[in-house]
Amino acid sequence: MARGTLVSESLSVGDDPAAVFDLVERNGWGDGLPVIPPTEERVQAMLEATPLPPEHVVGIVDPRRGAATVEKVAVNAVLAGCAPAVFPAVLAAVRAVTRPEFNLHALNTTTCSATPALMLNGPARGALGIECGYSCLGHNGRANATIGRALRLVMRNVGGSIPGEVSKSCFGQPGRISLCFGEWEERSPWEPFHVRRGFDREQSVLTATCATGTQDIADVFSETGADLLGVLAHGIDWIGNNKVLVPQDKGDMLLLLCPDFADKIARDGYSVEEVQQALFDGTRTPIERWPRGLWPKLEERGYVEADGTVPLAARPDQFLVAVAGGPSGHHALWFCTFGLTWTVSVPFSLDDASGAEGEACELPARGAS
Amino acid sequence: MTEAFANLARTAAAARACGSLPVVVLPHPMEGRPREEIERIARERFEEIVAALTRGSGPGGSASP
């Protein structure tokens, strides 16, 4: 059943997927990969997946400040290859990244490679076929790939994030095609990520966090949780990461532990809070690691502690922890942040319009800024 | 703003209905330049910046190229 008359401009093109692909690329609407033609029939089918009216504004997308209406998101979701069933997750992603604290304007324009990394929790993972294990960050699963891609197309086509013209990202990154996965809650020795953020276990939640890339951290030597945490800390405290460029009390960073790493750490009695503390303590880098010529600039910015260390963060709770990845083990995965952005979690439902008005769990105070 | 960001700035300004903001475009990048060089650029562009700040920017105003 049609959800009303679409207001998007309608174009006629030959009944040939390649012709549609050419049209999309010529107009700068795509990401270089083939698309699904957003026919009226397909867009209407996508709209059927939400009770929200097509004209409802999900969010305002910077820097162009385009209105991401449900219809516009649906068009981009079809282009991306989304099945209608995942559309509520795409809407949640747009809601999350258009929250002021996420600072989408910066991600869409920055010189670094920042992109939203989307993590799903709750029952939607199973219902939508969200991959949480092997290759969950890429190269596995239509839902993972298309939800992330749909968001990126909205960021481009509604927000205006055109490479070079508006997006000043020096390199871009593969995650700017898509970056979406699920937490493997069932293999986590701790409470699921969304529960720790204040949501109910049975709520479906989408979390958007900033990722300038995906940093694999490997370890086969550590026999204790303490040693492993030491490796992880030094796997993320490299001085060229973008987080170092901003005040230490800005931004949070998500570290994914494979199930085996999480088990090893938890087996030795670490709670998530203690993991966060260990990462905080372990990423206080001696200033001697920096070239001496940079010391005055670090000092004049107030980045150097009295003990001569340069912390990566001001508080342990800026290190976020979740469990994902295959049971083959030996790896963690860090999303370095560009810094001036906060991770946002929003609830969503596959059945109704709950969360449509941006209902989100009240997050703990972030401390003095 | 610096040259590399000029078109972004104009896009963002237009999106906020501030398309007539007076702008001065500086060389890119500015970071990483020696202090003396930044001071030289500032001296060279000072008059232009003052003019942009003090010029009227009503409907008839226009931004520097």
Side-chain angles (χ1 to χ4, degrees), chain A residues 28 57 59-69 72 98 100 103-114 154-172 239-240 242 244-247 290-301 303 338-340, chain B:
Chain A
V57 178
I60 300 298
V61 191
D62 278 321
R64 185 188 289 164
R65 297 195 64 70
T69 61
K72 286 300 181 186
T98 54
N103 197 4
L104 184 64
H105 179 102
L107 268 79
N108 260 351
T109 60
T110 181
T111 56
C112 81
S113 301
V154 169
M155 290 168 64
R156 182 187 184 103
N157 296 325
V158 182
S161 185
I162 309 300
E165 179 181 326
V166 169
S167 170
K168 300 302 181 181
S169 179
C170 193
F171 292 105
I239 66 175
N242 214 89
V244 175
L245 304 182
V246 307
W290 269 264
R292 188 172 288 270
L294 273 60
W295 293 9
K297 294 186 179 182
L298 295 171
E299 288 163 346
E300 71 188 22
R301 284 166 172 75
Y303 290 177
F338 97 102
L340 298 176
Chain B
M1 68 192 73
T2 60
E3 291 162 334
F5 289 86
N7 50 0
L8 163 60
R10 293 191 181 97
T11 297
R16 287 160 175 79
C18 298
S20 62
L21 271 180
V23 302
V24 174
V25 182
L26 301 177
H28 182 86
M30 290 299 287
E31 71 274 6
R33 293 180 187 251
R35 186 182 185 92
E36 311 80 57
E37 186 176 348
I38 295 175
E39 290 175 347
R40 175 184 61 77
I41 293 172
R43 284 193 297 272
E44 290 174 354
R45 308 298 293 276
F46 179 75
E47 294 296 335
E48 183 182 353
I49 295 170
V50 171
L53 288 171
T54 56
R55 181 178 64 222
S57 61
S62 61
S64 300

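Throughout, a chain's letter reflects where its sequence line sits, starting with A, and its residues are numbered from 1.
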Colleague: In terms of heavy-atom pairs under 4.5 Å with chain A, which of B/Ala9, B/Ala12, B/Ala4 leads?
Modeller: B/Ala4
Colleague: Which atoms of A/Thr111 are under 4.5 Å from chain B, going by heavy atoms: the side chain, the backbone, both sets, or neither?
Modeller: side chain
Colleague: Rounded to the nearest 0.5 Å, how far apart are NE2 of A/His105 and CG of B/Leu8?
Modeller: 5.5 Å
Colleague: What pair of heavy atoms forms the shortest contact from B/Ala15 to A/Pro63, and how long is it?
Modeller: CB-O, 3.4 Å
